Amino acid sequence: MNDKKTLELLKKGHQAYEKIKGKELHYVYLKNNVYHELVFKPQKQQFLHLCGLKYINPKTKVPYSAKQFYDFVKTNRINLSGIIKDSMSDQKLLVLAQLHDLLTSNSKVIDSKTSFLKFTFYKAIRSRRRVFCLALVAEDSRELDIYVPLSMLNLSVNTQGSSVPPGHSVHCVYLVEDKTRKVEFLSKSPEFIEYEDNHIYPYAGVLQLENAYPSSMTLELETHYTYESTVGK
């Protein structure tokens, strides 16, 4: 892959990642006829590893930090001579822009031990089609089991027999604002909308806030979390 294409894909991938960076995303998925939640909170320092790159100062050969790299891409200050690729870099860059699917129900959750190209992980979000799989790792948190990006896998290439599980369908994606804990629904499947017509789903992001306040505030919290589905918009 030439430098021009590398820079183009890097910018597109950054644009997609910028939409999810720092956000607390909750994925409600169906496994064995029971709904579960995966909490995903990507940060800027994980972007460099997802690209499969190392970035150094071309003059001093000193590596830049992952946060510095992210800011360089954002402000169009990348020096291509400082980019160091490995054998998987181009494959990762080719699917990086597909991260926009993480804001929709067009994804699936993998929650079992998976080995792919000598790489093992236990949680992941993958595209419905055979495009990409984002392997995750648990982040230390006292409040929720929160996961962050670990590695970007390109599922469209020949992997010599390696494969990832089909995963479990995501039926709802919602965002929890970090400071106010306000909930915004990004996507709901028709099946989940039908489910909620007859059931009350215990959103983990909402329950976390309710448990932090006295019961006298329950009514206010219920009013605060008004249904705001964006499906069909």
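Computed from a predicted structure; not experimentally measured. Side-chain atoms are counted along with the backbone in the values below, which use heavy atoms only and exclude waters and symmetry mates.
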All N/O donor-acceptor pairs, side-chain side in residues 168-176, below 3.5 Å, sequence neighbours left out:
unit_1	atom_1	unit_2	atom_2	d
H168	NE2	D111	OD1	3.3
H171	ND1	Y35	OH	2.8
Y174	OH	H26	ND1	3.2
Y174	OH	E37	OE1	2.8
Y174	OH	E37	OE2	3.2
Y174	OH	A204	N	3.2
Y174	OH	G205	N	3.0

Spacing of [X] atom [atom1] and [Y] atom [atom2] [to the nearest 0.5 Å]:
| X | Y | atom1 | atom2 | value |
| --- | --- | --- | --- | --- |
| Y17 | F47 | OH | CZ | 8.0 Å |
| I110 | I125 | CD1 | CD1 | 10.0 Å |
| F192 | Y195 | CZ | OH | 7.0 Å |
| D145 | K123 | CG | NZ | 8.0 Å |
| S107 | L99 | OG | CG | 11.0 Å |

Check your understanding: Under 4.0 Å between a Lys/Arg side-chain N and an Asp/Glu carboxylate O for K44 and D71?
Key ->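 Here K44 pairs with D71 in a salt bridge, since their nearest N and O are under 4.0 Å apart.
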
Check your understanding: Just checking, any donor-acceptor pair under 3.5 angstrom between side chains of T6 and D3?
Key ->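 The answer is no; no qualifying pair exists.
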
Review point. Does one side chain, of E18 or Y70, offer a donor that lies under 3.5 Å from an acceptor on the other?
Key: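 Per modelled atom types, E18 and Y70 side chains form a pair under 3.5 Å.
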
For the pair [X] (side chain) and [Y] (backbone), establish whether a donor and an acceptor sit closer than 3.5 Å, ignoring hydrogens and angles.
| X | Y | result |
| --- | --- | --- |
| Q68 | S65 | yes |
| S187 | S105 | yes |
| N32 | V34 | no |
| S115 | K113 | no |
| R130 | L155 | yes |
| E194 | E191 | no |

**Study point:** Aromatic ring proximity Y203/F185, centre distance under 6.0 Å
**Key:**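 Between F185 and Y203, which both carry aromatic rings, the centre distance is below 6.0 Å.
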
Check your understanding: Which residues satisfy the ring-ring contact (aromatic ring centres under 6.0 Å, His included) test with F40, sequence neighbours excluded?
Key ->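 If we apply the ring-ring contact (aromatic ring centres under 6.0 Å, His included) test to F40, skipping adjacent residues, there are no hits.
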
Exercise for review: Report the C-alpha separation of S127 and R129 in whole Å, then their side-chain angles, then the decisive distance to 0.1 Å, and conclude whether the side chain to side chain donor-acceptor pair (under 3.5 Å) test is met.
Suggested key: CA-CA 5 Å; S127 55; R129 296 177 293 112; over 6 Å; no

**Study point:** Sole residue of L153, V137, L136 in side-chain contact (heavy atoms from CB on, under 4.5 Å) with F121
**Key:**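 With F121 as partner, side-chain contact (heavy atoms from CB on, under 4.5 Å) holds for just one option, L153.
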
Check your understanding: Taking everything shown except K85 itself, do over 12 heavy atoms lie less than 6.0 Å from its NZ?
Key ->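 More than 12 heavy atoms, drawn from other residues, nucleotides or ligands, come within 6.0 Å of this atom.
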
Practice item. Decide if atom NZ of K12 counts as having more than 12 heavy atoms of other residues, nucleotides or ligands within a radius under 6.0 Å. Key: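 No - once you tally the heavy atoms of other residues, nucleotides and ligands closer than 6.0 Å, there are 12 at most.
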
